[in-house]
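Comments concern the structure below.
One-based numbering, in listed order, for ligands and for the atoms of each. As the structure is a prediction and not an experimental result, all values here were calculated from the model.
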Amino acid sequence: MSFPDGFLWGAAAAAYQIEGAVDEDGRGTSVWDTFSHTPGKVLHGDTGDIACDHYHRLEEDLDLMSELGLRAYRFSIAWPRIQPEGRGEPNQKGLDFYKRLVEGLRQRSIVPAVTLYHWDLPQALEDRGGWTRRETAERFAEYAGLVYEALSDTVPVWITLNEPWVSAWLGYGAGVHAPGHTDTGKALSATHHLLLGHGLALGRLRSAGGNPENRVGITLNLSPVRPGKESKGDAEAARKVDGNANRLYLDPLFRGEYPQDMFDYYPRLADPALVREGDLQAISRPLDFLGVNYYMRHTVREDTGSGRASGMLFPGLRAKTVQPHGAETTAMGWAIEPDGLTELLLRLHREYTGLPIYITENGAAFHDYANPEGTVTDEERIAFLDAHFRAAEEAVREGVDLRGYFVWSLLDNFEWAEGYSRRFGLVYVDYATQRRIPKESAHWYREVIRRNGPPQSAGEES
Ligand code: IFM
């Protein structure tokens with residue numbers, strides 16, 4: 001295997017998905033508190049009120065990370081812990097929690113990687129329009145500056161946003177994520193303001209000084225796209241979905257412009273009241289790295305109104321995703337296509353950037369359970385990760401500057417609209433007792449980290 005020396009093998013998690021303690025130490029309400037407490041929004045009425053109780057079990061979880069041999073841990077800061085109302089002076093107790101977390105990581109020689117925004121927008125900002133308003137981008141930059149001031153001496157890796165596509169299109173377009181709006185116009189405003197928030201925050205961090213070794217990037221969820229059938233209609237649908245899912249984010253970040261073809265479907269992008277002069281310059285400020293979350297490829301068909309989508313519908317684009325023929329799927333119903341990761345990394349390298357890349361998330365949910373002996377045998381996850389590590393390694397051999405790989409996720413956790421029904425963890429969580437059980441994949445991953453790459457074949461451990 002040819003993963004470079006010092007490759008940052010890690011695991012990732014996000015505040016609302018694991019912390020719990022939603023009413024403690026001055027934390028304010030986030031859109032996900034509101035959404036998950038709204039009947040019918042989350043499967044089984046699950047909420048993040050307790051989640052993995054990570055807030056109270058910090059030391060135990062840090063020890064777990066150490067036992068796994070993690071070199072890095074990616075976590076997010078809950079904005080409403082720092083600014084309960086989304087503005088103003090920071091809440092010291094909120095900052096203290098993350099200082100303790102960072103300190104604990106450093107004591108265990110685990111590199112901290114901070115995500116500033118992983119979807120828990122303060123409800124007070126949503127009440128004023130949330131990401132549909134420009135003001136939220138400005139508030140985000142202020143908040144980012146406060147967190148950076150507190151942690152820039154001890155955290156070397158900074159990610160502004162996690163998956164702005166999901167925030168914008170699932171939160172403001174499809175309404176299946178908080179805050180639950182179903183309006184394409186709002187999704188477009190949110191897209192632009194999220195990207196602007198990223199650009200303004202990046203500017204703030206750059207001018208704040210801090211450790212010159214610190215690195216700042218953004219994390220996008222990206223998917224290679226291919227037509228379902230060899231037809232003009234499907235090819236066209238695939239191009240549009242690629243525009244929405246990938247280029248709508250990559251082009252402004254790396255080329256300083258929205259993709260020309262997207263103006264045909266989203267004329268709001270040409271509205272000077274939304275995209276103001278200077279915005280695209282701010283959005284395309286140079287980054288230090290790109291974070292990539294890869295879960296799936298999109299196989300796309302033209303949506304003629306007949307026949308159902310087996311995956312996503314793209315409103316206004318007359319396109320839908322379908323399951324590729326014969327593909328195995330995870331518990332999320334997502335097709336397992338590791339070669340899509342190689343394809344994605346090579347495309348980024350060839351078409352967009354030679355910057356260092358981190359896989360900031362990749363992993364899978366399976367129907368895991370603890371057997372009577374108290375172990376969790378998740379061979380499917382091992383096979384999944386093994387294949388994806390190899391796919392990433394292929395891209396490295398072809399010249400991609402890949403610096404790290406964060407498995408999603410450290411612990412089973414609150415999987416948003418799916419609640420606790422989907423288990424992504426390397427570590428099993430028995431929610432009734434909060435007992436943690438490292439799955440077989442966790443033991444296997446420790447060996448991967450030790451060897452700097454997966455063993456010869458999945459399961460081989462010597
Ligand atoms: O759980 C999520 C995470 O919060 C963001 N990326 C995808 C994961 C799996 O759906």
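Side-chain atoms of Thr115 do not come within 3.5 Å of backbone N or O of Ile159 as any donor-acceptor pair.
Atom CD of Glu328 has 12 or fewer heavy atoms from other residues, nucleotides or ligands within 6.0 Å.
Ligand 1 has at least one atom lying under 4.0 Å from a heavy atom of His118. Heavy-atom separations between Trp334 and ligand 1 include at least one value shorter than 4.0 Å.
In plain terms, the two heavy atoms of Trp158 and Leu116 that are nearest each other are CZ3-CD2, 4.0 Å.
For Arg27, the side chain to side chain donor-acceptor pair (under 3.5 Å) criterion is met by Asp33, not counting sequence neighbours.
With respect to atom 5 (C) of ligand 1, the closest heavy atom belonging to the protein is Glu361 OE1, 3.2 Å.
Contacts of Phe414 with ligand 1, taken as heavy-atom pairs under 4.0 Å, are absent altogether.
Checked against a 3.5 angstrom limit, the closest N/O atoms of Trp408 and ligand 1 fall inside it. Taking distance alone, with nitrogen or oxygen atoms compared against 3.5 Å, Trp119 stays at or beyond that limit from ligand 1.
With atom 1 (O) of ligand 1 as the reference point, the heavy atom nearest to it among Glu415, Glu163, Met332 is part of Glu415.
Ring pair Tyr405/Tyr358: centre-to-centre distance not below 6.0 Å.
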